[in-house]
2 protein chains.
Amino acid sequence: MKMSGGVEWALHCCLNLAWTGGEQAVPAARLAAFYDLPTAYLNKQMQALAREGIVSSLPGPRGGFRLARAPEDITLMDVVTAIEGPEPAFRCTEIREQGPLGEPAADGSRCLIDQAMRRAELAWRRELAAQTLADVMKNVERDVPEVPGRTRRWFAEARA
Amino acid sequence: MKMSGGVEWALHCCLNLAWTGGEQAVPAARLAAFYDLPTAYLNKQMQALAREGIVSSLPGPRGGFRLARAPEDITLMDVVTAIEGPEPAFRCTEIREQGPLGEPAADGSRCLIDQAMRRAELAWRRELAAQTLADVMKNVERDVPEVPGRTRRWFAEARA
DNA sequence: GTAGTGGTACTCGGATATAGGATGTCCGAGTACAATTGG
DNA sequence: CCAATTGTACTCGGACATCCTATATCCGAGTACCACTAC
């Protein structure tokens with residue numbers, strides 16, 4: 001079970017978009033250059049974020065991406081779901097129905113293994129939904145105060 | 001992010017092994033026949049469980065698999081880890097170090113995005129570790145009391 | 001000088017290759033049992 | 001009749017194919033800006 005690497009990229013890029021300020025749009029190429037990532041592939045991930053309404057995209061010159069909402073209103077869950085999709089990691093295929101005593105047991109009763117796995121995954125989702133981008137930003141500013149300023153400056157001079 | 005289908009198989013098989021009683025070993029072929037699964041591939045999953053000490057394997061005639069511990073001492077976390085491996089789903093690749101202001105920020109400070117993701121995954125693991133096979137068995141017996149007996153009987157007559 | 005017009009460069013967006021891992025299969029090593037043979 | 005021995009059938013265990021999805025790339029549609037032209 002491995003999460004797409006795009007999730008890490010998307011989270012970092014969202015933070016950068018938040019720090020550069022919401023007005024000016026940032027092209028995918030700039031975001032990619034910041035971390036030395038493949039531009040086209042990062043663009044694909046950003047498109048996924050755009051589809052879910054986390055960022056808004058703007059074509060043409062002076063175009064790019066910018067956050068569609070305030071960092072306080074974007075949870076880690078939102079970003080993960082946008083990239084990975086809404087389906088749970090554990091998928092019950094109801095193999096018990098294939099068994100010799102499957103059919104009668106399947107009447108109405110939900111698979112209890114599935115329920116247990118869902119319970120765990122729900123805890124995971126809850127924890128992700130409890131953390132917003134703003135929370136992470138606050139933690140970063142506490143631990144490494146110079147990051148926001150330097151980031152903002154880098155993107156500003158890159159535009160020159 | 002998709003969990004291996006082998007996890008579902010392994011969990012169901014562990015429950016069946018628990019119900020058939022710990023003495024007699026059950027071959028992978030019988031376990032597979034119960035759900036109409038590919039025998040060799042299920043065998044592969046069982047091997048993973050054996051490596052982690054969840055089941056013990058016995059070669060030769062009258063051989064097969066049986067639980068190595070009591071169901072109370074086997075958590076869902078144990079089974080998931082045995083099949084999926086111990087690595088976390090989210091892997092921080094420290095892309096910030098690739099950035100223009102990466103090196104200084106990497107000094108000593110852990111990536112806070114990574115920490116947030118780990119926190120969520122820890123909640124997931126905690127929930128999985130809190131549920132034992134015995135718990136799930138108890139729930140099944142409560143909801144569908146006839147399952148344990150019918151299962152035990154099926155495996156007994158299959159051996160004849 | 002100003003408004004209109006055509007050209008150009010830049011952006012996202014989706015269609016198209018590629019690689020790595022999960023899925024599925026096959027054969028060899030080892031063991032217990034049973035049949036056979038000799039005492 | 002009993003013990004030793006040989007043969008056989010059955011099991012796991014790991015090596016070998018195959019398929020699907022994440023990864024990576026490329027080109028087209030659309031837009032804003034700029035230069036140029038005509039009035």
Side-chain angles (χ1 to χ4, degrees), chain A residues 1-10 13 17 24-33 35-66 68 80 82-85 87 89-91 93 95 155 158-160, chain B residues 1-10 13 17 24-33 35-66 68 80 82-85 87 89-91 93 95 155 158-160:
Chain A
M1 189 182 54
K2 177 169 157 283
M3 183 175 293
S4 164
V7 171
E8 184 185 9
W9 302 0
C13 287
L17 287 180
Q24 188 64 30
V26 181
R30 293 275 174 244
L31 290 168
Y35 293 122
D36 193 28
L37 299 175
T39 301
Y41 191 33
L42 176 62
N43 188 26
K44 192 186 185 69
Q45 314 293 350
M46 297 305 292
Q47 286 175 31
L49 294 183
R51 267 192 296 272
E52 293 299 315
I54 295 171
V55 303
S56 66
S57 64
L58 205 66
R62 301 283 176 182
F65 297 93
R66 61 173 179 249
V80 170
I83 303 294
E84 289 289 335
E87 292 151 33
F90 181 87
R91 274 106 149 182
T93 61
I95 60 176
F155 278 102
R159 194 148 45 79
Chain B
M1 188 182 52
K2 176 168 157 284
M3 183 174 295
S4 164
V7 172
E8 184 185 10
W9 302 0
C13 287
L17 287 180
Q24 188 64 29
V26 181
R30 294 275 175 244
L31 290 168
Y35 293 123
D36 192 28
L37 299 175
T39 302
Y41 191 34
L42 176 62
N43 188 25
K44 194 187 186 69
Q45 313 293 351
M46 297 306 291
Q47 286 175 31
L49 295 183
R51 268 192 296 273
E52 293 299 315
I54 295 172
V55 303
S56 67
S57 64
L58 206 67
R62 302 282 176 183
F65 297 93
R66 62 175 180 246
V80 170
I83 303 294
E84 289 289 334
E87 292 151 32
F90 181 87
R91 273 105 151 183
T93 61
I95 61 176
F155 279 102
R159 194 148 46 78

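Numbered from 1 within each chain, the chains take letters A, B, ... in sequence-line order.
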Point to revise | Separation of D/dT23 P from A/Asn43 CG (nearest whole Å) | key: 16 Å

Study note, to complete from the structure: B/Arg62 atom CZ is separated from C/dA32 atom P, nearest whole Å, by 13 Å

Exercise for review: Could you state the atom-to-atom distance from CD1 of A/Ile83 to C1' of D/dT23 in whole Å?
Suggested key: 13 Å

Practice item. Please state how far atom CG in B/Leu49 lies from atom P in D/dG14, giving the value in whole angstrom units. Key: 14 Å

Review point. For B/Tyr41 and C/dG24, what is the distance between atoms OH and P respectively, to the nearest whole Å?
Key: 6 Å

Review point. Within the pair A/Ser57 and C/dT11, is there a side-chain N or O less than 4.0 Å away from OP1 or OP2?
Key: no

Exercise for review: Let me know the distance between CZ of A/Arg66 and P of C/dT11, rounded to the nearest Å.
Suggested key: 15 Å

Check your understanding: Could you give the CG-to-C1' distance, from B/Leu42 to C/dG24, as a whole number of Å?
Key -> 12 Å

Check your understanding: Looking only at heavy atoms, which two atoms of B/Arg91 and A/Met1 are closest? And how far apart?
Key -> NH1-O, 4.2 Å

Check your understanding: On DNA chain D, nearest-nucleotide positions of B/Phe65 versus A/Gly5: which is more 5'?
Key -> B/Phe65

Check your understanding: In whole Å, what is the span from the NZ atom of A/Lys44 to the P atom of C/dG14?
Key -> 9 Å

Review point. At under 4.0 Å between heavy atoms, what does A/Ala28 touch on the DNA or RNA strands: base, sugar-phosphate, or nothing?
Key: sugar-phosphate

**Study point:** Over all atoms of both residues, closest heavy-atom pair of B/Ile54 and B/Ala82
**Key:** CD1-CB, 3.9 Å

Point to revise | N or O in side chain of B/Arg51 less than 4.0 angstrom from D/dG14 OP1/OP2 | key: yes

Exercise for review: Would you check, one step at a time, whether the test side-chain contact (heavy atoms from CB on, under 4.5 Å) holds for A/Cys13 with A/Met46?
Suggested key: CA-CA 9 Å; A/Cys13 287; A/Met46 297 305 292; 4.2 Å; yes

